[in-house]
Amino acid sequence: MTKRALHWFRDDLRLADNPALVCAAGTGATYCIYVLDDRAERRALGGATRWWLSHSLEALAAALERRGGRLDILCGDPAELLPAFAEAAAVDLITWNRRYDAASVDLDAALKERISGNGTAVRTFNGSLLNEPWEVTTRTGQPMKVFTPYWRAARERGEPEAPLPAPTRLEAPALPDSLGHRVRSLPELALRPTRPDWAGGLREAWTPGEDGATQNLVDFIEDGLGGYADGRDRPDRDSTSRLSPHLRFGEISPRQIWHALGTARKSGEAKGSAADAEKFLSELGWREFSYHLLFHNPDLATRNYDQRFDDFPWKHDGEALRRWQRGLTGVPLVDAGMRQLWTTGWMHNRVRMVAASFLIKHLLQDWRTGEAWFWDTLVDADPANNAASWQWVAGSGADAAPYFRIFNPVTQGEMHDPAGAYVRRWIPELAGLPDKNIHAPWKAPDDALKAAGIRIGETYPAPLVDIGFGRQRALDAFAMIRG
Ligand code: FAD
């Protein structure tokens, strides 16, 4: 009898460089399944990632069909569904690519035990990182706490292996009758918003799926890499790769990116310098480091890595939080970022740092409230990157920005958005201000405000907090826990 395999798609929604899929397809006819686990005990996906997932699954199903395969979508607890599916379909092998959040690690261990106990082989792979989180350690075998030595040690492990080609043909076995009622259609998952449909800006900004990811990478190598090392800090320019949501859902792998960059540089297709390429790879390194931190600190999204912050005197100000979320703090760079996030599901990295710092330091709101908002609204909301980055900005994380380094949102704007193009794009009500006033409209002379049709407090808010006062208040609060 020919063998049958089952590949369980998770955060690896692609066919190319998918080691677990290649293994399954090499075994025989392959069931390809995705399980939406909406149970309360897992951290539910946010609205923006649910939208992304629905489109990514659609693209994946079409790509599988083009090769003769089929995507079966189930809903519920994988710990029950997978063994039941494997038994009813009499598969010889189950494969998946590993995930590294605590719930997934526990689930994988339990599933492996249960499935292999029933006599079915299980094989799992690294499909999303350059290095497994446990492979890079200090000389004494301990987890790393500082990025620079982490990345140096990771680089010393050499080039990642070459990416695997996508399986050219897939064979989809028929579904056993007993499983038919378990399979769901995409609309049944209700992943897309309907009333209201707030996803217009997301549809305009993105093409979820493996083809969209590959195109983004090609465009970036051709047009974005040149000058990336400096340009990546400019929100007014289109100078980063925008690969983050594609990486989040595994529509592209870091080793595909790594090798595509290397090949393009060797052939002269990529315009960037060695420094640009190195800087870009080091950003992938921050992603690796975040996964390293998450794996070794499973509570990274909820617990201060630096426990001194457990006593931090956060203010719990619902109105301030709401105004930050809506982009109505009265501080243009922060508001522009929060509106870009709300409209497109993405925010430029420099502005993420400034907006997060403003919430935590100037408004003294607990970093977890910001992490939760980003989790709900970012299309790239990622269990490792989001948590590690929020703790980094808060100063409570590993290798974090020192608490006393408080971003000044006005000078940040003047430096990284010098002509105010980014602010004007997202805050049209400020568009008529001269460049020199755009980042601090409350200080603009009356005639400039009048000419631009702006009344502070009416057409655009006054700042929620005075920038200098907020900075001093944050330093005083930090002094209380410094110990
Ligand atoms: P590029 O500059 O093109 O970088 C390439 C890739 O490297 C990115 O796609 C991303 O996977 C990775 N990367 C870049 N910067 C970082 C970083 N600082 N930390 C970790 N990985 C990085 N990134 C997410 O992917 N998901 C999140 O939920 C997330 N939340 C964040 C929250 C805050 C408060 C901050 C300050 C940063 C957060 N980041 C997050 C990191 C970073 O802002 C985004 O990865 C980046 O803006 C994505 O844009 P890009 O793909 O064009 O990046």
Side-chain angles (χ1 to χ4, degrees), residues 11 43 45-46 48-49 52 101 128-130 147 150-151 205-206 213 216-217 219-221 223-225 227-235 237-254 256-258 260-261 272 276-294 300-301 324 334 337-338 340-341 344-361 367-401 407 412:
D11 291 337
R43 186 175 196 189
L45 288 178
T49 38
W52 189 285
D101 60 286
S128 61
L129 294 173
L130 298 170
F147 174 73
Y150 168 87
W151 189 229
W206 300 102
N216 255 23
L217 176 60
D219 292 347
F220 174 69
I221 289 177
D223 302 327
L225 187 62
Y228 173 85
D230 299 323
R232 64 181 287 275
D233 271 328
R234 294 287 299 265
R237 296 183 187 157
D238 201 7
S239 53
T240 64
S241 71
R242 294 181 179 244
L243 281 166
S244 51
H246 299 291
L247 278 162
R248 157 67 182 84
F249 283 96
E251 296 167 356
I252 196 162
S253 73
Q256 284 177 291
I257 300 175
W258 182 293
L261 206 67
D276 291 326
E278 206 45 51
K279 187 72 198 161
F280 182 66
L281 292 181
S282 81
E283 295 309 322
L284 291 180
W286 274 101
R287 177 175 179 272
E288 299 274 315
F289 183 54
S290 299
Y291 271 92
H292 179 79
L293 291 175
L294 176 68
L300 198 64
W324 176 81
V334 174
M338 297 309 291
Q340 178 181 33
L341 173 62
T344 68
W346 186 88
M347 195 197 297
H348 187 278
N349 179 61
R350 170 64 45 180
V351 192
R352 290 187 203 205
M353 292 195 287
V354 173
S357 168
F358 186 77
L359 181 76
I360 297 167
K361 298 184 179 176
W367 61 266
R368 282 160 284 222
T369 60
E371 195 274 348
W373 182 251
F374 272 31
W375 180 262
D376 194 25
T377 52
L378 276 172
V379 284
D380 63 26
D382 181 283
N385 283 358
N386 201 36
S389 300
W390 274 93
Q391 293 231 35
W392 184 88
V393 177
S396 62
D399 197 10
F407 284 106
Q412 286 287 311

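For ligands, and for the atoms within them, numbers begin at 1 and follow the listed sequence.
If you look at W346 next to ligand 1, the close heavy atoms, those under 4.0 Å, all belong to the side chain. With a heavy-atom cut-off of 4.0 Å, F289 does not touch ligand 1 at all.
Here is the list of ligand 1 atoms found below 4.0 Å of a heavy atom in L243: 9 (O), 51 (O). Within ligand 1, the atoms closer than 4.0 Å to a non-hydrogen atom of L378 are 27 (C), 28 (O), 30 (N), numbered from 1 in the order shown.
With hydrogens left out, the protein atom closest to atom 50 (P) of ligand 1 is R242 N, 3.5 Å, a heavy atom. Of the protein's non-hydrogen atoms, S389 CB, 3.4 Å is the one closest to atom 33 (C) of ligand 1.
Among R232, E283, M353, R352, the residue whose heavy atom lies nearest to atom 22 (C) of ligand 1 is E283.
Residues S253 and W258 are not in side-chain contact: their nearest non-hydrogen atoms beyond the backbone lie 4.5 Å or more apart. Contact annotation: the side chain of F374 approaches that of L341 to within less than 4.5 Å [non-hydrogen atoms, C-beta and beyond].
Contact check on R287 versus D380 returns no salt bridge, with no Lys/Arg side-chain nitrogen under 4.0 Å from an Asp/Glu carboxylate oxygen.
Taking R242 as the reference, W206, N216, D238, T240, Q340, W346 meet the side-chain contact (heavy atoms from CB on, under 4.5 Å) condition, with sequence neighbours excluded. By the ring-ring contact (aromatic ring centres under 6.0 Å, His included) test, Y291 is found to be paired with no residue, residues two or more places apart in sequence or in another chain being considered.
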